[in-house]
Amino acid sequence: QVQLMESGGGSVQAGGSLRLSCAASTTSGDTCVAWFRQAPGKDREGIANVYFGDGLARYHASVRGRFILSPNRAKNTADLKMSNLTPEDTAIYYCASRPRGLMSFCSLSQSLYESWGQGTQVTVST
């Protein structure tokens with residue numbers, strides 16, 4: 001199983017930016033990495049994923065245009081740059097990975113992901 005570790009969380013004021021990093025013990029050209037978040041009292045939701053094979057990232061509507069997910073195969077990382085943050089972005093952020101395998105695209109369904117990091121807290125204040 002792939003080991004994952006998130007870093008880069010912290011506290012920021014509304015309108016600010018943070019960069020989260022997901023470091024994986026290994027990746028390949030068939031790896032999907034996804035970022036999820038869980039806000040207090042809410043279910044965990046998928047917000048972005050990327051396929052290492054072509055670098056194509058997809059985003060949930062709630063973060064599209066504000067977040068950018070960038071894979072780096074050489075470093076086995078997938079960094080999430082978050083801009084124009086709002087208090088609604090406050091959550092624990094998790095990264096997860098799995099081989100794309102026979103799927104036609106990387107999913108944002110958390111049940112499909114095999115390996116998970118421990119999470120990193122992001123707090124956005126007004």
Side-chain angles (χ1 to χ4, degrees):
Q1 194 172 18
V2 176
Q3 305 300 312
L4 300 170
M5 181 173 290
E6 304 93 341
S7 61
S11 297
V12 65
Q13 288 190 323
S17 299
L18 280 175
R19 188 180 190 96
L20 305 183
S21 184
C22 174
S25 56
T26 185
T27 63
S28 74
D30 194 47
T31 295
C32 294
V33 169
W35 281 91
F36 297 82
R37 68 183 181 186
Q38 187 165 20
K42 295 187 177 181
D43 293 334
R44 188 160 55 185
E45 63 173 352
I47 57 172
N49 63 27
V50 66
Y51 179 52
F52 274 58
D54 58 16
L56 181 65
R58 294 183 171 88
Y59 304 91
H60 187 273
S62 62
V63 305
R64 192 176 297 128
R66 300 187 299 123
F67 291 10
I68 299 174
L69 179 53
S70 302
N72 187 318
R73 275 200 63 187
K75 295 183 178 180
N76 292 331
T77 60
D79 289 357
L80 185 67
K81 180 172 174 55
M82 308 185 295
S83 303
N84 195 21
L85 288 162
T86 74
E88 287 68 37
D89 294 314
T90 295
I92 300 174
Y93 284 71
Y94 302 87
C95 66
S97 77
R98 64 155 290 156
R100 193 177 79 171
L102 298 179
M103 296 190 301
S104 56
F105 58 91
C106 294
S107 171
L108 277 180
S109 174
Q110 57 183 308
S111 65
L112 295 179
Y113 284 84
E114 305 166 345
S115 302
W116 290 81
Q118 82 289 348
T120 186
Q121 176 71 46
V122 171
T123 303
V124 184
S125 59
T126 56

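Keep in mind that this is a model prediction, so the values were computed, not measured. Atom set for the values below is all heavy atoms of this structure, side chains included, hydrogens, waters and symmetry mates excluded.
Put simply, the side chain of E114 never gets that close to the backbone of Q1: no donor and acceptor are under 3.5 Å apart. Panel note: side chain R73, backbone F52; no donor-acceptor pair is recorded below 3.5 Å. When atom types are taken as modelled, the side chain of T123 and the backbone of T90 share no donor-acceptor pair closer than 3.5 angstrom. In this structure a side-chain-to-backbone donor-acceptor pair under 3.5 Å is present from Y59 to L69.
There is a path of hydrophobic side-chain contacts, each under 4.5 Å, that joins W35 to V50. Taken together through direct or relayed side-chain contacts under 4.5 Å among Ile, Leu, Val, Met, Phe, Trp and Tyr, I68 and V33 form part of one hydrophobic cluster.
Counting all heavy atoms, side chain and backbone alike, A34 lies closest to S107 at CB-O, 4.4 Å. The shortest heavy-atom contact between A14 and P87 is CB-CD, 4.2 Å. Minimum interatomic distance between V2 and A24 (heavy atoms only, all atoms of both residues): CG1-CB, 4.1 Å.
When the shell of 6.0 Å around CG of D43 is examined, it contains 12 or fewer heavy atoms from other residues, nucleotides or ligands. Annotation for M103: atom CE counts as buried by contact number, over 12 foreign heavy atoms lying within 6.0 Å. Crowding of Q13 atom CD: a count of heavy atoms from other residues, nucleotides or ligands under 6.0 Å not exceeding 12.
In this structure, the separation between CZ on R64 and NE2 on H60 is 8.0 Å, given to the nearest 0.5 Å. Between the CG atom in N49 and the CG atom in L112 there is a gap of 11.0 Å [rounded to 0.5 Å]. Rounding to the nearest 0.5 angstrom, the gap separating the CG atom in L102 from the CZ atom in R100 is 10.0 Å. Rounding to the nearest 0.5 angstrom, the gap separating the OG atom in S7 from the CG atom in L20 is 8.0 Å. In this structure, CH2 in W116 is found 9.5 Å from CD in E6, a value given to the nearest 0.5 Å. From T77, atom OG1 reaches atom CG of L4 across 11.5 Å, with rounding to the nearest 0.5 Å.
Classified by interplanar angle (parallel below 30°, tilted 30° to 60°, perpendicular above 60°), the ring pair F67/Y93 is tilted.
Between R58 and L108 the shortest side-chain heavy-atom distance does not fall below 4.5 Å. You'll find the side chain of R66 reaches within 4.5 Å of the side chain of D89, heavy atoms only. For the pair K75 and S21, the minimum side-chain heavy-atom distance is 4.5 Å or more. Using a 4.5 Å heavy-atom cutoff, the side chains of V63 and L80 are not in contact. Y51 places a side-chain heavy atom less than 4.5 Å from the side chain of D30.
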Between V122 and R37, is the side chain to side chain contact (heavy atoms under 4.5 Å, CB included) condition met? List the steps. CA-CA 9 Å; V122 171; R37 68 183 181 186; over 6 Å; no
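Annotation: side chain to side chain donor-acceptor pair (under 3.5 Å) contacts of Q3 (sequence neighbours excluded): none. Partners of Y113 according to the ring pair (Phe, Tyr, Trp, His ring centres under 6.0 Å) rule, which considers only residues two or more places apart in sequence or in another chain, are F36.
Under 3.5 Å, the side chains of D79 and S70 contain no donor-acceptor pair of N or O atoms.
Residues in residues 3-23 take part in no ring-ring contact (aromatic ring centres under 6.0 Å, His included) pair, two or more places apart or across chains.
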